[in-house]
Amino acid sequence: QWVYNILEKKAEADRIVHENPDPSNGFVLVPDLKWNQNQLEDLYLIALVHRRDIKSLRDLTAEHLPLLRNVLQEGKEAIVKRFGVPSSQLRIYLHYQPSYQHLHVHFTALGYDAPGSSVERAHLLADVIDNLAMDSAYYQKRALTFPLRADEPLLKKFQEAGKV
């Protein structure tokens with residue numbers, strides 16, 4: 001609901017850094033709640049897409065390339081304009097598994113060791129775009145490795161199914 005409240009401007013409208021209102025290829029860029037916005041060393045923003053039919057990386061196909069390219073390009077431009085941080089100093093990625101089921105993209109300072117920015121969980125947006133350009137069904141076919149904490153219910157389900 002938090003995501004929908006932001007997209008509908010029922011919450012955090014004053015925190016929006018950039019918005020592309022296009023219903024198919026648009027998004028809202030907001031500071032992540034983990035970032036206090038006082039220093040750029042731990043810059044952390046989230047792009048929330050307007051589309052509600054894309055839950056995660058697994059749903060993406062070549063059809064979504066215009067959306068992903070918009071998020072990448074406009075997100076970088078908005079961050080350099082607002083915060084003076086060039087794209088060469090950003091890590092731009094998606095999580096798999098995501099913490100909530102609505103497609104969103106993380107923008108963090110390159111030097112910041114953000115939670116979930118490690119290779120096991122983060123998929124760079126530029127790589128996602130390249131992979132989908134090569135094969136529209138890339139993320140439906142590819143095995144995706146991801147870490148689970150010992151206390152996560154999903155780990156228990158994998159253990160019960162004999163998959164771990």
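Taking the side chain as every heavy atom from C-beta outward, V17 and F107 never approach each other to under 4.5 Å. Using a 4.5 Å heavy-atom cutoff, the side chains of I129 and R69 are in contact. When side chains are defined from C-beta on, L29 does not count as touching E74, because their heavy atoms never get closer than 4.5 Å. Taking 4.5 Å as the limit, every side-chain heavy atom of V105 sits out of range of all side-chain heavy atoms of L72. Residues I79 and L45 have side chains in contact (heavy-atom distance under 4.5 Å, counting atoms from C-beta outward).
Residues meeting the side-chain hydrogen bond (donor to acceptor under 3.5 Å, both in side chains) test with Q73, sequence neighbours left out: E77. Residues satisfying the salt bridge (Lys or Arg N to Asp or Glu O under 4.0 Å) criterion with D14, sequence neighbours excluded, are absent altogether.
In this structure, R91 contributes its side chain and Y112 its backbone to a donor-acceptor pair below 3.5 Å. Of the possible donor and acceptor atoms, one in the side chain of R58 sits under 3.5 Å from a partner among the backbone N and O of Y139. Between the side chain of N70 and the backbone N or O of N25, at least one donor-acceptor pair lies under 3.5 Å. Here the side chain of D135 pairs no donor or acceptor atom with the backbone of L132 at under 3.5 angstrom. For Q37 (side chain) and L43 (main-chain N/O), no donor-acceptor pair under 3.5 Å exists by modelled atom type.
Annotation for D32 and R15: closest pair O-NH2, 3.8 Å, computed over non-hydrogen atoms.
Because its NZ or CZ atom is not both nearer than 6.0 Å to the ring centre of F158 and within 45° of the ring axis, K163 does not count as a cation-pi partner of that residue. Cation-pi contact between R52 and Y4: present, with separation from the ring centre below 6.0 Å and deviation from the ring axis of at most 45°.
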* Asked: Given the rule in the side chain to side chain contact (heavy atoms under 4.5 Å, CB included) test, do I92 and H106 qualify, once you have shown the distances and angles that lead to the verdict?
  -> CA-CA 6 Å; I92 306 164; H106 301 257; over 6 Å; no
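The ring of H102 has its center no closer than 6.0 angstrom to the ring center of H104. Aromatic ring centres of Y93 and H123 lie farther apart than the 6.0 Å criterion allows. Separation of the F27 and H50 ring centroids does not fall under the 6.0 Å cut-off.
Heavy atoms from other residues, nucleotides or ligands lying under 6.0 Å from NZ of K156 number 12 at most. For D113, the CG atom sits in a loose shell: 12 or fewer heavy atoms of surrounding residues, nucleotides or ligands are nearer than 6.0 Å. Remark: K34 NZ is packed, more than 12 non-hydrogen atoms of other residues, nucleotides or ligands lying under 6.0 Å away.
A donor atom on one side chain and an acceptor atom on the other are found under 3.5 Å apart for D42 and Q39.
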